[in-house]
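Only one structure is covered here, and it is reproduced in the block below.
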Amino acid sequence: MSDTLDDSTTDTTDTANTAGAADERTTEPAMGFTHLDSRGSARMVDVTAKKPTVRSATAKGEVTCSPTVMAALRDGTVPKGDVAAVARIAGIAAAKKVPDLLPLAHVIGVHGCIVDVEWGDDRVLLTATVRTADRTGVEMEALTAVTVAALAIVDMVKGVDRSAAMENCRIVAKSGGRSGDWVRPE
């Protein structure tokens with residue numbers, strides 16, 4: 001079955017019940033979810049009528065590590081190399097790949113991406129901020145950036161600390177677009 005934006009098409013999966021009926025996949029979303037049509041089928045939201053605006057999103061996450069790994073991170077002696085540099089590059093690359101990973105995500109221009117890596121007492125603190133001037137937000141890009149940066153850290157330290165774990169990955173702020181600014185209450 002082909003998903004189309006043409007309201008005059010019909011769904012041929014059940015011709016006895018829908019022959020000649022307008023395709024409802026482009027009408028009101030089901031249950032308030034914009035990625036579901038009125039029948040509950042998944043769809044990519046049509047954003048062609050929206051004007052591009054400057055948008056930003058910030059995500060945070062953490063990687064918990066053993067005291068031994070935290071000391072190696074601070075000293076720069078992790079056997080696989082520069083953990084912070086690899087995490088930053090992995091996060092930036094991931095932000096640009098979101099439409100390949102999430103089937104209903106729009107292809108948008110990632111115009112800026114910063115991934116910060118900070119050594120805490122017993123964990124690595126990650127922050128990713130993504131910016132665009134496009135028709136839809138970059139929350140998924142920021143969340144993907146911080147999550148993949150965390151995954152890169154776990155990959156680089158797993159030989160020394162099998163208990164390293166990604167935790168608390170979340171959107172903490174967004175700005176721009178019709179819904180405006182939002183900040184997660186701490």
Side-chain angles (χ1 to χ4, degrees), residues 2-5 25-26 29 33-36 41-65 69 73 76 78-120 123-159 164-184:
S2 169
D3 279 331
T4 179
L5 298 176
R25 289 176 284 190
T26 58
F33 294 110
T34 58
H35 284 81
L36 299 177
S41 297
R43 68 169 181 171
M44 185 177 194
V45 175
D46 184 353
V47 296
T48 54
K50 294 172 80 175
K51 292 190 184 320
T53 61
V54 174
R55 299 160 185 267
S56 177
T58 299
K60 290 189 174 192
E62 304 163 4
V63 177
T64 57
C65 300
V69 167
L73 289 168
V78 173
K80 285 191 173 182
D82 188 344
V83 174
V86 171
R88 281 192 214 71
I89 293 167
I92 292 166
K96 298 188 288 184
K97 294 292 190 181
V98 168
D100 295 334
L101 302 170
L102 301 176
L104 301 179
H106 293 91
V107 176
I108 62 172
V110 172
H111 298 130
C113 182
I114 297 170
V115 177
D116 289 321
V117 180
E118 181 182 335
W119 311 138
R123 64 194 62 230
V124 180
L125 307 170
L126 299 161
T127 304
T129 300
V130 179
R131 292 180 46 87
T132 191
D134 218 316
R135 290 178 167 86
T136 190
V138 285
E139 294 90 343
M140 293 301 98
E141 286 75 6
L143 192 56
T144 301
V146 82
T147 304
V148 172
L151 185 62
I153 292 169
V154 171
D155 180 52
M156 292 191 74
V157 304
K158 71 180 187 275
M166 300 169 20
E167 294 183 357
N168 207 16
C169 295
R170 73 253 183 228
I171 296 293
V172 296
K174 61 92 49 194
S175 65
R178 184 175 36 196
S179 64
D181 298 351
W182 176 84
V183 176
R184 178 180 296 279

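As the structure is a prediction and not an experimental result, all values here were calculated from the model.
Side-chain contact between Lys50 and Asp134: absent, with no pair of heavy atoms (C-beta onward) separated by less than 4.5 Å. Looking at heavy atoms from C-beta onward, Lys60 lies out of side-chain contact with Leu125 at the 4.5 angstrom threshold. Counting heavy atoms from C-beta outward, Glu141 and Ile108 have side chains that approach closer than 4.5 Å.
The two residues Val130 and Cys113 have their closest heavy-atom pair at CG2-SG, 3.9 Å. Taking every heavy atom of both residues into account, Arg88 and Val117 meet most closely at CG-CG2, 4.1 Å. Closest approach of Ala145 and Ala94 over heavy atoms only: CA-CB, 4.4 Å.
There is no side-chain donor-acceptor pair under 3.5 Å between Arg43 and Ser41.
Taken to the nearest 0.5 Å, the OG1 atom of Thr144 stands 13.0 Å off from the NZ atom of Lys97. Taken to the nearest 0.5 Å, the CG atom of Asp82 stands 10.0 Å off from the CG atom of Leu73.
The backbone N or O of Gly112 lies less than 3.5 Å from no partner atom in the side chain of Arg131, so there is not a single donor-acceptor pair.
Residues passing the salt bridge (Lys or Arg N to Asp or Glu O under 4.0 Å) test with Lys80, sequence neighbours excluded: Asp155. Residues satisfying the salt bridge (Lys or Arg N to Asp or Glu O under 4.0 Å) test with Glu62, not counting sequence neighbours, are Arg123.
Listed by first then second residue, pairs satisfying side chain to side chain donor-acceptor pair (under 3.5 Å) with a partner in residues 168-181 read Lys174-Ser179, not counting sequence neighbours.
Other residues, nucleotides and ligands place no more than 12 heavy atoms under 6.0 Å from the CD1 atom of Ile114.
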